[in-house]
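Right, one structure below, let's go through it.
Reminder, nothing fancy here: chain letters follow the sequence lines and each chain counts from 1.
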Amino acid sequence: MIADLRVFDDEFVPPDLLHRENEIEQLLRRFTTRHPAESDVLISGPSGVGKTVLARTAVDHLETQTDVTRVFVDSLGKTTGGILRAMLEQLPRGPNEVAQTLPTRDVCREIREAITSETIVVLDEGDDLPQTNAVGELLAMANVTVVVIAHDGTDWLSRLDVTDGHRLDQGHLELGRYGVDELADILERRARQGLHGEPVSRAQLEAIADEVAGVARHGIQSLRSAAVLARERGHRRVRDRDVDDSYEHARHRIRKLNLSSLPFHHQVLYAIIHEAEELSASELHDRYDAVSGDIYAGSPPQPLGERARREKLSKLAEYDLIDYDGPTRDRLYWVIDSDVEPLLELPGRMPLE
DNA sequence: ACTCCACAGGAAGGATTGGGCA
DNA sequence: TGCCCAATCCTTCCTGTGGAGT
């Protein structure tokens, strides 16, 4: 039944993008404007509605028609220097690797030197960009068109420097969720590309589209899960039961991938929260202090202070792995899916009392 | 109403890291 | 090899928040 699971990957760019024709046209119009300062774009919208794939499709299309150079940078967690270095490394005439310690102004100079033709840079996961100078530096470069992808466009613009913000506000494209029919069309196309013999019915695809409320990423992942579950269970076609179970299966898989992408400190904190079903900040810190001696023994990373732990906790929450509630004082933390096992074993718990 | 408390998260500065260079 | 420099990560210090105690 399963022909090619890569079709369901986030990175997969379909040959043509359904139900975003107007948006693609809008982007291409803006990219080809005669006024360089009017070509920059901010693409905003909720998670999983196809912001990245839209940008890719439009920019790829442009590349086939003009001699524009395109660069994609994942901005998540990167500093100004990190973003600019990633861009420089991807330029055709740029170096393959740039030293982390190269001063940012030198990186900018080298980017200018490496750019020979019109260049489009797509800054994906750009929510934290206003805290850096990267957007300003790039907007200041001639021959560079900036495309930023972020969740809340209005909030993003308000946090950016006013003149830069104005420029991107002019080219602000807000994407909404797909309608049920639209998303079902998209899923139908993916099913045809990734599965043999049409094993999923239109009604099932519509059920998925409805359940995920128009969020394409969740829909595509659920479709993948439904096919995987059907195969595991020896079904020749996807059954409704497989679809019903696919939502949680898909969310579970995404969380596992999220967890495994995080570094050591986050793993320690996740393991502690996972071990207790629910715990307060002070319990969390006590447990951390109790186990950190063993956990960090002989390893280069050293135990974190409480302030740094808070940063890691918000990252875990951002990755949909933990959640918390309550006012600052009585806040409780818990893991969202206790079936997502920690990758790290904690030393045995001391008996309480 | 006030003060206290526990905590979150911003700002500033220090320690560490690693490339460049004499 | 040792020094310099910039980036990064973390700590320290601090302010803000909202419930609890008086």
Using only heavy-atom distances, decide whether a donor-acceptor pair under 3.5 angstrom links the side-chain of A/R331 to the base of C/dG18.
no
Touch check for A/T79, heavy atoms < 4.0 angstrom, all strands: base, sugar-phosphate only, or nothing?
sugar-phosphate
Distance check needed: B/dG19 C1' versus A/L88 CG, whole Å only.
15 Å
B/dA8 phosphate, OP1 or OP2: any side-chain N/O from A/R310 under 4.0 angstrom?
yes
Answer yes or no: does a side-chain N or O of A/K78 lie under 4.0 Å from OP1 or OP2 of C/dT8?
no
Starting at CD of A/E306 and ending at P of B/dG10, how long is that distance when rounded to a whole Å?
17 Å
Name the orientation class of the two ring planes belonging to A/Y296 and A/Y288 (parallel below 30°, tilted from 30 to 60°, perpendicular beyond 60°).
tilted
Given atom CD1 of A/I83 and atom C1' of C/dA7, what is their separation to the nearest angstrom?
14 Å
Measure from NZ on A/K315 to P on B/dA8 and round the result to the nearest Å.
18 Å
For A/R309, enumerate each residue passing the salt bridge (charged side-chain N to carboxylate O under 4.0 Å, His left out) test, keeping only those at least two apart in sequence or located in another chain.
A/D289
Among the candidates C/dT12, C/dC10, C/dA6, find the nucleotide nearest to the side-chain atoms of A/R105.
C/dA6
Picking from C/dG19, C/dC10, B/dC7, which would you name as closest to the side chain of A/K312?
C/dC10
Please confirm whether A/R190 makes a cation-pi placement over A/F8, using NZ or CZ under 6.0 Å from the six-membered ring centre and within 45° of the ring normal.
no
Is there a donor in the side chain of A/H172 and an acceptor in the side chain of A/S44, or the other way round, less than 3.5 Å apart?
yes
May I have the distance from A/Y324 (atom OH) to C/dT17 (atom P), rounded to whole angstrom?
16 Å
Hey, does A/S314 reach any base, or is it just sugar-phosphate, or nothing, if we go heavy atoms under 4.0 Å?
nothing
Sub-4.5 Å side-chain heavy-atom contact between A/L42 and A/I149:
no
Residue-phosphate contact under 4.0 Å: A/Y333 side-chain N/O, B/dC7 OP1/OP2
no
Do the side-chain N or O atoms of A/H265 get closer than 4.0 angstrom to the phosphate oxygens (OP1, OP2) of C/dC10?
yes
Need one value for A/R85: base, sugar-phosphate or nothing, where a base atom within 4.0 Å counts as base even if backbone is also close, heavy atoms only.
sugar-phosphate
Rounded to the nearest angstrom, tell me the gap between atom CD in A/Q302 and atom P in B/dT16.
11 Å
Check the distance between C/dC14's C1' and A/R307's CZ and give it to me in whole angstrom.
11 Å
Students often get this wrong, so: under 4.0 angstrom with heavy atoms, is A/P263 touching a base, only sugar-phosphate, or nothing?
nothing
Return the value, rounded to whole Å, for the distance between atom CD of A/E311 and atom C1' of C/dC10.
9 Å
When you measure from the side-chain N and O atoms of A/S280 to the phosphate of B/dA6, is any distance below 4.0 Å, counting only OP1 and OP2?
no
